[in-house]
Amino acid sequence: MTVSALPDDSVVVIASSRTVITLPDDTLLLTPATITISPATGKITSVVQELLPRSSFPEAWVYHDYSPKLLLPGLVDAHVHLNEPGRTEWEGFNTGTKAAASGGVTTVIDMPLNAIPPTTTLAGFRKKLAASRGQCWIDVGFYGGVVPGNAAELLPLAEAGVRGFKGFLIDSGVEEFPAVSSKDIALAMTTLKDEPTTLMFHAEMVPPLDGVPAGGSLSDAVQQSELPARPAGELDSYSTFLESRPPAFETCAVGEILSLAHLAPRLHLHIVHLSAAECIPLLREARRRGVNITAETCFHYLGFAADDIPDGDTRHKCCPPIRSQTNQLGLWREIADPAGCIQTVVSDHSPCTPELKLLPPHLQTEFQDGPRPPMQHADSGIDVSPPEDEKKEEEQEEMKQAEVETASLTADETRPTKTQGDFFAAWGGISSVGLGLPILHTAAAAAAADGALSVVDIVRLCSQATAKQVGLAHRKGGIRAGMDADLCVFDDADVWTLRAADMRWKNRCSPWEGHTFRGRVHETWLRGRKVFQLGGENGGFVGGQPIGEAIVERRTA
């Protein structure tokens with residue numbers, strides 16, 4: 001078969017004997033395929049289900065046959081914290097999008113918190129957009145935030161092109177993004193009920209200690225109740241931390257959201273980073289009743305289990321927490337079902353500086369690049385202060401020990417807060433943007449006895465469904481004519497071990513360091529242009545300049 005020349009003689013042709021394409025009915029298919037791309041528009045112009053040779057095309061056309069490597073649509077990571085402006089020392093557009101590009105991610109959606117200002121107002125969104133200009137190596141979309149008192153900002157933010165909205169039902173850890181009550185949730189739902197958008201929730205709540213007040217709701221009760229005491233047990237013990245955020249935190253929050261869903265029956269509701277498998281029956285039953293609700297889980301919940309996390313390794317701290325292996329199997333079963341409530345898998349790339357992770361000495365890395373500003377935050381309602389210098393810390397501990405001896409207090413009442421390795425004082429969040437394909441491919445192979453995911457399933461969860469979740473399915477997350485030519489070349493036979501030097505994000509600290517993966521992204525193409533090549537010049541960023549764009553098109557149905 002010969003393809004006739006198109007008007008633009010710089011057409012790019014990309015082919016592979018193993019390509020995951022999107023059929024007209026949205027079915028995904030692994031097949032030999034040849035893709036033609038117009039660099040002028042950045043769009044795919046045709047997809048042929050056949051591996052065509054170089055001789056089928058005019059000499060002026062650029063031709064690449066990547067067989068037998070996999071050719072996949074670029075991933076859409078729908079949950080990433082880039083933190084710029086304001087906390088750029090944690091992560092920024094330049095480094096965060098480079099890390100994404102190196103892993104075949106061609107679109108990320110930035111979360112509304114941890115930047116200063118957060119994206120909770122139109123003015124804040126404009127500052128975020130200004131900070132992103134000229135820095136993005138891939139395309140970036142944005143979420144707006146739901147916080148007490150900003151209901152009047154939600155529709156203007158939707159008009160400005162945010163892809164959805166997120167609120168916390170528990171302390172977010174940063175004072176500029178407070179948790180919402182049931183009244184705030186109800187107001188957000190009624191405000192957005194006719195919008196083609198997604199209302200998302202960090203679904204953890206501290207269950208009320210004394211029940212629900214008359215005429216109130218669970219989240220109102222939580223806001224009025226006493227915060228829980230610091231848990232018993234060693235603070236560098238992962239099991240102590242895990243017990244402090246039990247599955248009831250998540251099931252309570254999901255129940256609260258479902259109790260209000262009737263206020264906006266057409267509005268898409270979404271639970272971010274679902275950790276507890278106990279939520280799955282609640283969500284399945286709600287979907288059976290017609291509630292428009294989905295959930296996502298994260299690479300770390302599928303690749304790590306609490307059973308294997310060493311004490312003191314605060315790189316693994318995140319909220320909700322990584323739970324047991326039995327819990328993990330429940331998540332795997334749910335994502336294997338295309339009709340399940342967990343429709344997407346994302347990174348929740350949520351970095352901080354290594355200092356805020358309070359790493360024990362043996363986990364510290366040479367890539368830490370100097371002191372950082374201190375950060376006050378709260379965890380599970382427990383106020384924890386940043387560590388003091390070592391001398392002051394020793395003095396405080398000696399004073400506390402003296403108080404023990406003179407006042408005959410119990411050990412639990414006098415135990416000093418630890419610094420290095422303390423899961424309660426350390427900041428929560430895991431860096432992994434760009435690692436999703438290797439993580440899922442490797443973990444799925446290891447879970448083969450329980451029904452491994454295929455590469456088609458991975459594309460469904462990380463490209464097709466994530467694009468749909470944020471209203472970009474018309475242009476992102478698939479390989480078919482008319483869509484953005486966002487592609488990644490994945491060598492599923494490449495075995496490699498992640499080292500700190502391989503990390504592209506700003507702070508090279510991640511629990512994935514030292515893990516061996518089977519499968520690695522070798523090239524990433526954004527809108528018909530190669531932006532990353534493993535081993536290529538400029539650290540692999542072969543274009544030399546970022547060409548990513550801010551996605552601000554208004555979301556439509």
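Every value quoted in this text rests on a predicted model; they were computed, and no experiment measured them.
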Test salt bridge (charged side-chain N to carboxylate O under 4.0 Å, His left out) on Arg527 and Glu549; report intermediate values, then the result. CA-CA 10 Å; Arg527 287 180 277 105; Glu549 298 176 351; 3.5 Å; yes
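- If you check the side chains of Ser347 and Asp77, you find a donor sitting under 3.5 Å from an acceptor.
- Judged by distance alone, with hydrogens and angles left aside, the side-chain atoms of Asn538 form no donor-acceptor pair with the main-chain N or O of Gly540 at under 3.5 Å.
- Asp26 has no carboxylate O lying under 4.0 Å from a charged side-chain N of Lys468, or vice versa, which leaves the two without a salt bridge.
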List the steps, then state whether side chain to side chain contact (heavy atoms under 4.5 Å, CB included) holds for Phe532 with Arg504. CA-CA 12 Å; Phe532 174 79; Arg504 311 274 182 172; 3.7 Å; yes
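- Taking the ring axis of Phe541 as reference, the NZ or CZ atom of Lys98 stays within 45° of it and closer than 6.0 Å to the ring centre.
- Among Thr107, Asp484, Asp486, the single residue meeting the side chain to side chain donor-acceptor pair (under 3.5 Å) criterion with Arg475 is Asp484.
- The pair Arg555-Glu195 does not count as a salt bridge, with every side-chain nitrogen at least 4.0 angstrom from each carboxylate oxygen.
- Between atom CG of residue Leu359 and atom CG of residue Asp313 there is a gap of 7.5 Å, rounded to the nearest 0.5 Å.
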Trace of the side chain to side chain contact (heavy atoms under 4.5 Å, CB included) decision for His79 with Met111: CA-CA 6 Å; His79 192 143; Met111 278 293 165; 3.5 Å; yes
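- A donor-acceptor pair is defined here as one N or O able to donate and one able to accept, closer than 3.5 Å; no such pair exists between the side chain of Thr524 and the backbone of Ser102.
- A side-chain donor-acceptor contact under 3.5 Å links His270 and Glu296.
- Ring centroid separation for the pair Phe490 and His441 comes in under the 6.0 Å cut-off.
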Using the rule given for salt bridge (charged side-chain N to carboxylate O under 4.0 Å, His left out), can you reason through Arg87 versus Glu176, listing the C-alpha separation, both sets of side-chain angles and the distance that settles it, and then say yes or no? CA-CA 12 Å; Arg87 290 194 178 96; Glu176 65 273 3; 2.5 Å; yes
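- The distance from atom CD1 of Ile280 to atom CZ of Arg333, rounded to the nearest 0.5 Å, is 8.0 Å.
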Would Glu513 and Arg508 count as a salt bridge (charged side-chain N to carboxylate O under 4.0 Å, His left out) if you check the C-alpha gap in whole Å, the side-chain angles of each, and the deciding distance to 0.1 Å? CA-CA 9 Å; Glu513 182 179 356; Arg508 302 181 188 187; over 6 Å; no
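- Using a cut-off of 4.0 Å between Lys/Arg side-chain N and Asp/Glu carboxylate O, Arg163 and Asp110 are scored as not salt-bridged.
- At a cut-off of 3.5 Å, with distance as the only test, a side-chain donor of Gln469 or Thr344 sits close to an acceptor on the other residue.
- Leu71 and Ser16 get closest at one heavy-atom pair: CB-CB, 3.8 Å.
- Between Pro546 and Gly134 the shortest heavy-atom distance is CG-O, 3.2 Å.
- Closest heavy-atom contact between Ser463 and Pro73: OG-O, 3.6 Å.
- A centroid separation of 6.0 Å or more is found between the aromatic rings of Tyr238 and His316.
- Between the side chain of Thr314 and the main chain of Lys317, no donor-acceptor pair closer than 3.5 Å is present.
- In this model, a donor atom of one side chain and an acceptor atom of the other lie less than 3.5 Å apart for Ser237 and Ser239.
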Arg323 and Glu250: CA distance, side-chain angles, deciding distance, salt bridge (charged side-chain N to carboxylate O under 4.0 Å, His left out) verdict: CA-CA 12 Å; Arg323 303 192 187 277; Glu250 293 189 69; 2.8 Å; yes
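- Nearest heavy-atom pair, Phe142 versus Ser132, reported as atom, atom and distance to 0.1 Å: CZ-OG, 4.3 Å.
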